[in-house]
Amino acid sequence: AAAESGATAVKFQSFGPTDLMTKSSGVAAHLDAGAGTESVYDFVQRISLDRAAHEAIAACCKEAGIAFLSSVFSPAMLDLLEDLGLGATR
């Protein structure tokens, strides 16, 4: 869809919950539709892109002829993106 809209690149954020917080980070009601039952750590874990997701995005971008860019939050994620051959990170 991005390439069809004329985009030349897509940008994501590459992180895992341990890159941003600890398991004791608590609950944030605004992240859990107001229910206040999901911890911030679990929320970030749920929305994080794993290696398979990064690989799928990279493959789609290559097929579409657009750049895949990412903001990186940890050395481990930087290693993953370098393994995938990303030309640029932020």
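This one's a predicted model, so the numbers in the text were calculated from it and none came from an experiment. Along the sequence shown, residues carry numbers from 1.
- Checked against ring pair (Phe, Tyr, Trp, His ring centres under 6.0 Å), Tyr41 has no partners two or more places apart in sequence or in another chain.
- The CG atom of Leu69 sits 10.0 Å away from atom CG of Leu81, with the distance rounded to the nearest 0.5 Å.
- Atom CG of Asp50 sits about 8.5 Å away from atom CD of Glu55, to the nearest 0.5 Å.
- When all heavy atoms are compared, the tightest approach of Asp42 to Ser39 is N-OG, 3.0 Å.
- Within the structure, every pair that satisfies the salt bridge (Lys or Arg N to Asp or Glu O under 4.0 Å) test and touches residues 63-86, not counting sequence neighbours, is listed here: Arg51-Asp83.
- Across Ala7 and Ile66, no two heavy atoms sit closer than the pair O-CG2, 3.3 Å.
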Which atom pairs, donor and acceptor, lie under 3.5 Å between side-chain atoms of residues 9-18 and protein residues at least two apart or in another chain?
{"unit_1": "Lys11", "atom_1": "NZ", "unit_2": "Ser71", "atom_2": "OG", "d": "3.0"}
{"unit_1": "Ser14", "atom_1": "OG", "unit_2": "His54", "atom_2": "NE2", "d": "2.7"}
{"unit_1": "Ser14", "atom_1": "OG", "unit_2": "Ser70", "atom_2": "OG", "d": "2.5"}

